[in-house]
Structures are given as C-alpha cells and as structure tokens.
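All figures in this text were calculated on a predicted structure; none of them were measured in a lab. Proteins get letters first, then strands, A, B, ... in listed order; numbering begins at 1 in each.
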Number of protein chains: 2
Amino acid sequence: MSRWQPDASGRLVKAALELYAERGYEQTTVAEIAARAGLTERTFFRHHADKREVLFGGSREMAEAFAAAVAEAPGSAAPIDAVAVGLDAIAEGFTGRLEFVRRRQAVIAASAELRERELVKLASLADALTVALRGRGVAEPAASLTAEAGIAAFKVGFARWVADPDDGELAHWTRDSLRALRAATGEG
Amino acid sequence: MSRWQPDASGRLVKAALELYAERGYEQTTVAEIAARAGLTERTFFRHHADKREVLFGGSREMAEAFAAAVAEAPGSAAPIDAVAVGLDAIAEGFTGRLEFVRRRQAVIAASAELRERELVKLASLADALTVALRGRGVAEPAASLTAEAGIAAFKVGFARWVADPDDGELAHWTRDSLRALRAATGEG
DNA sequence: ACATCCACGACAGTCACTGACATCAGATGC
DNA sequence: GCATCTGATGTCAGTGACTGTCGTGGATGT
C-alpha cells in the first residue's frame, strides 16, 4: 500500500469547506484544515496557494472551456452570440452540482475575503473571454466590453440559479440574464 | 503648535504610493510606510484597514456620488441613460487628476493583491448603482444587469483614459465605452 | 540490491494585523 | 490658573498566514 492516503488536495478542499461552513472562514486556521485532512499546514500550502484559493480549484479549466467554446462558435455568429455559446458550455459544467455549489456559495457569501477572491475568478473569466473574442477578430474596445457583458450575464444568472428554490438548469438562467441584459442596454 | 504633524492619513497614503512604486507592493512592509510618514506601524492600521486599502481611499464617496447622480437623473430617463448620467458625475471627480491616477494605476497593475482589491471597489460601485436603479423603480434582474453594464463601461473607459497618451477627459471615454457596449450587445 | 524520486513532515523565520495599556499636548470646565 | 478630560499616538505582546530549507522513508526503475 502506498505511503500516504490518496487525493491530499481533495481532502484539503473538503476539510476547508466543512470548517468554513461550521465555524466561519476567519475562525478557521489553516492548521485546523490540514489536521482534519490528516496533513500538516505546510502541505496545505503545497497544494493550495492560500487559504482562499482552496475553494476555487478548477476555475482555470472553466475559463479554458469558456474560451474554447467561444472560439469554436460558428464564424458567422455575432460576438455576443459567440459569448452565449460560451455561457452554455460553462453552464453544462455545473449540471448536477447545484447542492455542492449552494453550500460553497453560502460560505463565500459569508466572507469578504472569499467574495474578493471570487471577483478575481470572474475577472479571469472575463480576460479569457476577451482573448477568445479577439481571436475571432473582434477589435477593442468591443472585445472587452462584450466580454464584460457576458460575465455580467453569467454572474447574475448564476446567482439566480443558486437562489432559485427549484432545481433548474444554470443555462436557463444565464440565457435569460443575457437576454435581459440586451434588452436593458438595447439601443432601440 | 500641535502635538503631531497634520494629515497623518494622507502622509501614509503618499508614503505607501511612493514605496509601492519604488520597490513594489510585496517588497514594502507596513513598518516602512509608517516610518516614511513619521509614524508607527500601529498607527498605520488605525487609519487604513489594511496594506491594500491605503490606495483606495475615497471610493465610498465615489459610489455615493454615483448613486446620487443616478437618483437625480430625470424620471423619464431609461435606466441605462440614468447610468450614463452617473458615469458623467463620476468622471467629473477625476478631472485634473490624471497624472496621480496614472501613477496609482501603474502600482495597482503591478500587484495581484492590489488588482484584487480594485475589483472589490468596482463591485461596490456596482452594488451602489444597483440600489440606485432599484430606487428608480427598476426591477431585478434588470437593475443588477444594467448596473453591471454601466460598471463595465466605466472600467473599460477608465482604462482607455489612463492609457491614452493625450490628456483627455474621462467622460469622453466612458461615454464612448457605453456607446460601444450598447452597440455590441444591441438587439438589432 | 541499489540509487533515485518525491510527497510529506519538521522547524525556523517574516510580516500583516489585533488587543491592551501607557502617554501627553491641548481643549474644556470651574 | 488649575484640575480634568480627550484623543491621537506609542509600546508591547501576541496570533496566524505564508515561505525557505532540510530531513525522511515508501515507491519506482534498472
């Protein structure tokens, strides 16, 4: 048998989410998280950059999937429609994970530091989206602005999905949010 | 004469900006900032919540001015046009401060922690804007989405203003960014 | 068998941030 | 004038996030 229990990183994530939920983010020390995962504090920092980042694993993959979907959208699609394709792709990655997401969002909402880090992840998403749009030939500042609009739709749609008592589909909410955004900013 | 030199908070801001520019945010300790301002580390934390916040004074006032302008926009104005009024109000507060803003933004751009905090300030701005729009009778999710769109226009317009070699007006860039955003997301 | 690898533990250190208490020039009340 | 109070600052002793360095011992390849 192996020298250590498997999935140290995942155990740390699980322990952190539990402890943040039980006693709050600020009242939890990294040493406590590591102890619950059967590891030491030093090992926590080998797997996760800091005490906040432990809740945001996979966000890079999400940005990559977003960018890939936007890049592969039909060449004839308008920038905002390519963004819509990307939103659908992201939403797909959340199917069946609503309960986990709800617990995670409750923890994030309760901590200013975690909310701050969440904004960084959304900004990274916006950056990846901007790059993908520029790859489609969209010039600045349209690329950045369309990306920001798409992230706004994602942000609001995500919040509505998490808050909705019914267990619906994230894509439903992001699509509706994008539609509402276009209506609210519409030139007509 | 008074017991202490005046404007301790302002001296700390000045010292921090200088040191962050000279040797970088991470390579600067709070004790060094305090020493340059002729104060102690403990006093730094009496005036500024943390090492990042020292560069973001006045952001609450900005959010309040934004919200006030939106609230006072003509009742007949569409939500997005009320936002445009608010953007003009904010822009006015930056007139004549371009050089200071450029130095400050260069420092922020060089530090992940400072960029993270900047996102919080933009999010606070978005929250204040959302509240102001709701005060105008705009329902959700339109209020949040219109607010996010307005902040996106501000963010991009601000970046263009700072990057522009000519010393133009911020309002010029925020207006154009809002126009471009509406064109990019337009339903037509 | 033997060397190599590498995830982890152990330990010491820096620094952001906090709480508690002391200090003392100037404002205030009489 | 004098005592008293006020409040911005100094001092000091913490806690805890994060880092650099070195040691350890099962696993792995030859």
Side-chain angles (χ1 to χ4, degrees), chain A residues 1-57 107-108 110-118 120, chain B residues 1-57 107-108 110-121:
Chain A
M1 73 174 276
S2 74
R3 187 173 176 186
W4 297 286
Q5 297 298 313
D7 194 23
S9 177
R11 275 151 51 209
L12 287 165
V13 171
K14 182 171 179 288
L17 182 57
E18 288 173 5
L19 285 166
Y20 292 170
E22 286 171 19
R23 66 180 73 164
Y25 170 82
E26 289 191 1
Q27 281 63 47
T28 302
T29 69
V30 172
E32 289 168 345
I33 298 169
R36 182 171 292 202
L39 296 164
T40 64
E41 187 180 6
R42 191 64 184 87
T43 297
F44 176 96
F45 288 108
R46 288 200 177 94
H47 287 277
H48 303 284
D50 59 46
K51 192 184 166 186
R52 298 162 284 291
E53 200 68 15
V54 65
L55 288 195
F56 296 94
V107 167
I108 292 172
S111 158
E113 281 190 46
L114 291 173
R115 275 181 273 127
E116 188 167 12
R117 182 54 52 87
E118 187 180 32
V120 170
Chain B
M1 72 174 274
S2 76
R3 187 172 177 187
W4 297 284
Q5 297 299 311
D7 193 24
S9 178
R11 274 152 51 212
L12 286 164
V13 171
K14 180 169 179 290
L17 183 56
E18 288 172 5
L19 284 166
Y20 293 171
E22 287 172 17
R23 65 180 74 163
Y25 170 83
E26 290 191 2
Q27 280 65 47
T28 303
T29 69
V30 173
E32 290 168 344
I33 298 169
R36 181 170 293 203
L39 295 164
T40 64
E41 186 180 6
R42 190 67 184 88
T43 298
F44 176 96
F45 288 109
R46 287 201 177 95
H47 287 277
H48 303 285
D50 59 46
K51 192 184 165 186
R52 296 162 284 290
E53 201 68 16
V54 67
L55 289 195
F56 295 94
V107 167
I108 292 172
S111 157
E113 280 190 46
L114 291 173
R115 275 181 272 129
E116 189 167 12
R117 182 55 53 87
E118 188 180 33
L119 292 173
V120 170
K121 299 308 175 183

> Looking only at heavy atoms, what is the nearest atom pair of B/P6 and B/R11, with distance?
Replying inline: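 Result for this residue pair: O-NH1, 3.2 Å.
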
> Which atom names give the shortest non-hydrogen contact between B/I33 and B/T28, and what distance separates them?
Replying inline: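 Closest heavy-atom pair between B/I33 and B/T28: CG1-CG2, 3.7 Å.
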
> Which nucleotides of nucleotides 3-8 of chain D have their base under 4.0 Å from a protein heavy atom (B), which only their sugar-phosphate (S), and which neither (-), written as one string 5' to 3'?
Replying inline: ----BB

>> Please list, in numerical order, the residues of residues 18-39 of chain A that have a heavy atom closer than 4.0 Å to any atom of DNA chain D.
In response: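 A/T28, A/T29, A/V30, in order of number.
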
In whole angstroms, how far is the [atom2] atom of [N] from the [atom1] atom of [X]?
| X | N | atom1 | atom2 | answer |
| --- | --- | --- | --- | --- |
| A/R11 | C/dC8 | CZ | C1' | 11 Å |
| A/F44 | C/dC8 | CZ | C1' | 16 Å |
| A/E41 | D/dA17 | CD | C1' | 7 Å |
| A/Q5 | D/dG26 | CD | C1' | 14 Å |
| A/E113 | D/dC18 | CD | C1' | 13 Å |
| B/L12 | D/dG10 | CG | C1' | 14 Å |
| A/L114 | D/dA17 | CG | C1' | 14 Å |
| B/F45 | C/dC15 | CZ | P | 13 Å |

Presence of salt bridge, [Y] and [X], under 4.0 angstrom:
| X | Y | value |
| --- | --- | --- |
| B/K14 | B/E18 | yes |
| A/R52 | A/E118 | no |
| B/K51 | B/E26 | no |

> Taking B/E53 for the side chain and B/D50 for the main chain, is one N or O donor matched with an acceptor at less than 3.5 Å?
Replying inline: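 Judged by distance alone, no pair lies under 3.5 Å.
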
> Is the side chain of B/R36 donor-acceptor paired with the backbone N or O of B/A31 at a distance under 3.5 Å, no angle test?
Replying inline: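 Not a single qualifying donor-acceptor pair exists.
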
> Just to confirm, is there a sub-4.0 Å distance from OP1 or OP2 of C/dA22 to any side-chain nitrogen or oxygen of B/R42?
Replying inline: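 The answer is no; no side-chain N or O of B/R42 sits under 4.0 Å from OP1 or OP2.
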
> Hey, does the side chain of B/T40 come within less than 4.0 Å of D/dG10's phosphate (OP1/OP2), counting only N and O?
Replying inline: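 Answer is yes, contact under 4.0 Å.
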
>> As a quick check of understanding, evaluate side-chain contact (heavy atoms from CB on, under 4.5 Å) for B/V54 and B/Y20, giving each step before the final call.
In response: CA-CA 11 Å; B/V54 67; B/Y20 293 171; 3.8 Å; yes

Enumerate donor-acceptor pairs with a distance under 3.5 Å from any side-chain N or O in residues 37-45 of chain A to protein atoms, sequence neighbours excluded.
from  : atom 1 : to    : atom 2 : distance (Å)
A/T40 : OG1    : A/T43 : OG1    : 3.3

